[in-house]
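Labels below follow one simple rule: chain letters A, B, ... track the order of the sequence lines, proteins then strands, and each chain is numbered from 1.
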4 protein chains.
Amino acid sequence: MSRLFHPPAPEPNTKQRILAAAQHLFACQGYEKSTTRQLAEAAGVAEGTLFRYFENKNAIFVEVVTQGWSELLTELLTELSEIESYGAVAEMMRHRMQNLQHHSELLRVCLMEAQFHTELRDRIQTELFSKMLGVVEAFIQTGIERGIYRPLNPTKVAHVFLGMFIMAGFGATVLNENEAPPTPDIELAETVADIFLHGLLTPPE
Amino acid sequence: MSRLFHPPAPEPNTKQRILAAAQHLFACQGYEKSTTRQLAEAAGVAEGTLFRYFENKNAIFVEVVTQGWSELLTELLTELSEIESYGAVAEMMRHRMQNLQHHSELLRVCLMEAQFHTELRDRIQTELFSKMLGVVEAFIQTGIERGIYRPLNPTKVAHVFLGMFIMAGFGATVLNENEAPPTPDIELAETVADIFLHGLLTPPE
Amino acid sequence: MSRLFHPPAPEPNTKQRILAAAQHLFACQGYEKSTTRQLAEAAGVAEGTLFRYFENKNAIFVEVVTQGWSELLTELLTELSEIESYGAVAEMMRHRMQNLQHHSELLRVCLMEAQFHTELRDRIQTELFSKMLGVVEAFIQTGIERGIYRPLNPTKVAHVFLGMFIMAGFGATVLNENEAPPTPDIELAETVADIFLHGLLTPPE
Amino acid sequence: MSRLFHPPAPEPNTKQRILAAAQHLFACQGYEKSTTRQLAEAAGVAEGTLFRYFENKNAIFVEVVTQGWSELLTELLTELSEIESYGAVAEMMRHRMQNLQHHSELLRVCLMEAQFHTELRDRIQTELFSKMLGVVEAFIQTGIERGIYRPLNPTKVAHVFLGMFIMAGFGATVLNENEAPPTPDIELAETVADIFLHGLLTPPE
DNA sequence: TATGAATGAGGATTCATTCAT
DNA sequence: CATGAATGAATCCTCATTCAT
């Protein structure tokens with residue numbers, strides 16, 4: 001009888017449900033304004049249940065951000081590693097930017113809220129970001145050495161490269177006139193990519 | 001003569017002191033985490049005094065942001081209007097970016113926190129931002145018509161242009177390894193300007 | 001069986017305990033002077049607990065008054081409906097007034113504090129009071145038609161009738177020399193009833 | 001020159017202006033809800049000025065109430081002393097009640113708010129009320145002795161007599177459906193007087 | 001294990017009162 | 001003497017966290 005209702009974990013994992021709800025809530029309202037009550041409700045659990053899976057509210061945030069960045073950068077890294085031509089970066093950028101929409105919530109949480117959680121920011125820095133920068137930097141460096149890219153400081157270019165995504169990611173939200181679901185401005189993404197690539201490539205003789 | 005001493009307000013204006021303290025606090029800790037107690041202490045006044053000058057905590061925020069954007073964009077506008085050569089944009093950008101440091105706190109507050117204050121964001125949009133975009137757009141448009149800039153969508157380019165400042169403004173904070181007062185990465189600024197300009201200019205035959 | 005022990009709520013219902021404490025406190029100190037801290041302490045709960053049961057302090061007040069009037073008038077109505085002789089009103093009045101003591105706190109709260117809570121007063125008016133007046137008025141009207149009562153305006157007499165209870169209820173408190181729990185002045189009640197009835201009855205030829 | 005503007009006391013006495021404003025405010029909003037700011041504004045003085053005339057907010061209240069009761073009872077006393085026939089009480093009551101409207105604010109303040117100011121209530125009791133009761137009691141007593149009034153307990157009758165005014169005074173406010181300026185229900189007053197007198201008088205053989 | 005009632009520290013805000021001018 | 005800016009204690013209320021069931 002007690003088997004008829006598999007009561008404890010019928011849904012695809014309580015913990016992930018909480019994290020998903022949290023990501024959404026944090027993106028929409030910010031960390032501080034999201035109450036554990038809302039969190040619990042959104043995740044479909046009781047308030048007390050949150051604290052069975054996470055030590056406290058902050059721990060939820062940390063996990064959202066950690067998972068988020070990891071996922072984000074992994075994808076970027078993968079795509080970067082599969083690139084063939086150094087001129088084809090543009091294509092990849094376009095592709096990437098177009099589905100930034102998919103990750104826009106995550107970006108919001110990671111970039112905006114994470115600012116104020118020092119210990120988290122530092123971990124992200126050392127564990128994920130610097131590695132990422134290293135990879136992009138190496139990529140650029142090679143492009144420069146082969147004469148495809150102009151001879152700029154590859155470290156800085158790598159920063160600009162990543163910054164570009166960030167900007168395109170929620171620049172829309174900040175600069176745009178639109179409300180809630182910031183439709184990814186594809187043309188904007190294209191323009192960013194275009195300018196970036198033109199600015200980077202060695203002009204053909 | 002007896003006017004020379006006004007002891008209760010010897011400092012350059014209580015209201016401005018509050019706003020300055022608020023800008024700093026909001027930038028460092030975020031709006032929600034900054035308590036009115038801290039605010040008062042930082043401004044060197046009693047907690048109750050805050051509410052003689054502002055209806056509530058949010059009103060302080062609104063004024064910080066409004067003043068901030070206004071100042072920021074006015075400067076930009078001024079500099080833009082004084083530009084002569086369309087190729088000299090780079091120089092202006094460099095100059096602008098270098099003293100973004102001065103405004104970095106403001107940018108943080110305006111871009112990050114203002115997200116969650118809808119009514120404020122909207123006002124900023126209509127009153128400041130769209131005007132600004134219009135000016136830049138017109139500038140780019142002319143550049144394009146004169147064949148100096150490549151034939152891109154001027155609206156989007158204007159977005160990228162403003163986004164650039166934003167990015168350079170706190171990109172440092174997000175991407176950098178450094179702590180609180182992010183020394184403005186001048187070389188980064190130069191690189192951004194360089195890439196942008198190269199990406200924009202029509203290549204010389 | 002394990003149901004017999006529900007330790008966190010051994011007392012007869014937290015909500016009712018709060019309401020009882022509130023009635024007492026409001027009667028003794030008035031609404032404004034009663035702090036939520038005192039309320040919580042008097043009810044034997046934490047301050048925060050109040051707000052699990054009531055949206056805010058005012059909601060507590062509203063419920064005290066609503067329950068109070070309802071109870072008060074229901075009793076009155078019941079007794080009135082059970083009356084047989086139109087001359088026996090005096091007996092009922094005496095009985096009623098004697099246990100006004102029991103309700104004196106309620107009367108205090110309802111009559112004094114409710115003055116300033118407009119929306120509440122209005123609800124009481126329409127939902128309870130006017131009905132009540134209607135019943136009494138009809139009763140008086142019949143008494144007049146049968147020649148038992150003198151031919152006065154039954155509406156006004158009904159007002160006087162209800163006013164009598166009110167007066168006797170806390171008139172003591174206002175006029176008396178005694179302190180807090182005003183012992184119900186039975187003789188006063190008798191006198192009020194006596195005067196009222198003599199004033200109302202058609203004098204025997 | 002300083003004579004052209006008789007600055008300090010041009011209006012008919014600052015202190016009385018404050019008291020008048022206070023009476024009105026206390027009657028409308030209650031003591032606790034009336035802020036010193038409102039008080040000052042209503043009286044047309046600066047907030048600090050209040051404290052030149054009264055030690056604190058409570059002192060203002062005490063003076064309003066003391067003056068009020070005094071005035072109220074003095075009038076009543078006067079009228080009572082001018083009465084000729086013991087049956088003419090009704091006329092006096094009618095007259096009195098009709099201009100209760102004039103004093104309704106005062107009654108509200110004295111009866112409702114004064115409840116919670118113990119030391120004030122006690123002073124009123126001993127200094128004014130008990131004297132008043134004594135006078136009325138003596139009046140009734142005489143009426144009884146002369147066989148004009150029925151042989152009831154004169155103390156209690158005196159209570160009822162005063163209670164009647166109170167009731168008629170703000171009974172309107174409580175029982176009536178009307179809003180702000182409680183028009184004095186003359187017919188109600190008449191009915192009260194009528195019932196009271198009929199209830200009191202020895203029936204004619 | 002999951003619940004949700006209870007908690008109480010902490011937050012924004014009000015307001016009587018003071019005091020330098 | 002009148003002013004009103006400054007004060008800070010005290011208020012109502014929120015919300016992360018605990019714990020008995």
Side-chain angles (χ1 to χ4, degrees), chain A residues 7-9 14 32-41 44-60, chain B residues 2-10 14-15 32-41 43-60, chain C residues 2-3 5-10 14-15 32-41 43-60, chain D residues 7-9 14 31-41 44-60:
Chain A
T14 306
E32 298 287 349
K33 269 194 192 149
S34 305
T35 71
T36 50
R37 170 125 61 173
Q38 292 175 314
L39 231 66
E41 195 173 5
V45 298
E47 220 172 334
T49 305
L50 298 179
F51 296 90
R52 300 212 139 274
Y53 290 94
F54 302 92
E55 195 172 349
N56 48 31
K57 188 187 169 191
N58 189 66
I60 302 180
Chain B
S2 65
R3 189 62 43 83
L4 286 176
F5 292 78
H6 36 153
T14 305
K15 188 165 183 176
E32 298 287 350
K33 270 196 190 145
S34 305
T35 70
T36 51
R37 169 129 57 178
Q38 291 175 316
L39 228 67
E41 197 170 2
V45 297
E47 219 172 333
T49 304
L50 298 180
F51 297 93
R52 285 191 64 73
Y53 290 93
F54 302 93
E55 198 169 348
N56 47 33
K57 189 186 167 192
N58 188 66
I60 302 181
Chain C
S2 65
R3 188 64 43 82
F5 292 80
H6 37 153
T14 305
K15 188 166 182 175
E32 299 286 350
K33 269 196 190 145
S34 305
T35 70
T36 52
R37 172 133 50 182
Q38 291 175 315
L39 227 67
E41 198 171 1
V45 298
E47 217 173 334
T49 303
L50 298 180
F51 298 93
R52 288 190 63 74
Y53 290 93
F54 302 92
E55 198 169 348
N56 47 33
K57 188 187 166 191
N58 188 65
I60 301 180
Chain D
T14 306
Y31 173 75
E32 298 288 347
K33 270 194 191 148
S34 305
T35 70
T36 50
R37 170 123 63 173
Q38 292 175 313
L39 231 65
E41 195 173 5
V45 298
E47 220 172 335
T49 305
L50 298 180
F51 296 90
R52 299 211 141 276
Y53 290 92
F54 301 92
E55 195 172 350
N56 48 31
K57 188 187 168 191
N58 189 65
I60 302 179

Handout entry: D:Val45 side-chain proximity, nearest of F:dC15, E:dA16, F:dT3
Key =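 From the listed options, F:dT3 comes nearest.
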
Exercise for the section: Would you indicate which nucleotide in E:dG4, F:dC13, E:dT7 comes nearest to any side-chain atom of C:Ala46? Expected result: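 The answer is E:dT7.
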
Exercise for the section: Please determine if a side-chain N or O atom of D:Thr36 lies less than 4.0 Å away from the OP1 or OP2 oxygen of E:dA16. Expected result: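 Yes, because at least one side-chain N or O of D:Thr36 sits under 4.0 Å from OP1 or OP2 of E:dA16.
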
Problem - Distance below 4.0 Å between B:Thr14 side-chain N/O and F:dA5 OP1 or OP2 - result: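 Indeed not, no polar side-chain atom of B:Thr14 lies that close.
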
Atom pair distance, as rounded to whole Å: [atom1] in [X] and [atom2] in [N]:
X       : N      : atom1 : atom2 : answer
C:Leu39 : F:dT11 : CG    : P     : 13 Å
B:Lys15 : F:dA5  : NZ    : C1'   : 14 Å
B:Arg37 : F:dG8  : CZ    : C1'   : 10 Å
B:Glu47 : E:dG11 : CD    : C1'   : 9 Å
B:Ile60 : E:dT13 : CD1   : P     : 8 Å

Problem - Interface residues of residues 51-59 of chain B with DNA chain F (non-hydrogen, below 4.0 angstrom) - result: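 When residues 51-59 of chain B is checked for heavy atoms under 4.0 Å from DNA chain F, the hits, listed by number, are B:Arg52, B:Tyr53.
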
Completion exercise
Intra- and inter-strand pairing of DNA chain E, written as dot-bracket with Watson-Crick and G-U pairs under 3.5 Å and | for the latter, reads .||||||||||||||||||||

Problem - Nearest-nucleotide comparison on DNA chain E, the residue closer to the 5′ end among B:Gly48 and A:Leu50 - result: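 Between the two, 5'-proximity favours A:Leu50.
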
Handout entry: Residue closer to the 5' end of DNA chain E, B:Glu32 versus B:Thr49 (nearest nucleotide)
Key =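 Its nearest nucleotide being more 5', the pick is B:Glu32.
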
Handout entry: Working for side chain to side chain contact (heavy atoms under 4.5 Å, CB included), residues C:Glu32 and D:Tyr31
Key = CA-CA 9 Å; C:Glu32 299 286 350; D:Tyr31 173 75; over 6 Å; no

Handout entry: Rounded distance (nearest 0.5 Å) linking atom CG of D:Leu50 with atom CG of D:Leu39
Key =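 Here the rounded value is 5.5 Å.
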
Exercise for the section: Please round to the nearest 0.5 Å and tell me the distance separating atom CD1 of C:Ile60 and atom NZ of C:Lys15. Expected result: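 Here the rounded value is 10.0 Å.
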
Exercise for the section: Looking only at non-hydrogen atoms, find the nearest pair between D:Lys57 and D:Phe51 and report the distance. Expected result: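 Answer, listing the atom of D:Lys57 first, then D:Phe51: N-CE2, 4.2 Å.
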
Handout entry: A:Glu55 to A:Ala59 - nearest heavy-atom pair and separation
Key =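 Closest heavy-atom pair between A:Glu55 and A:Ala59: N-CB, 4.0 Å.
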
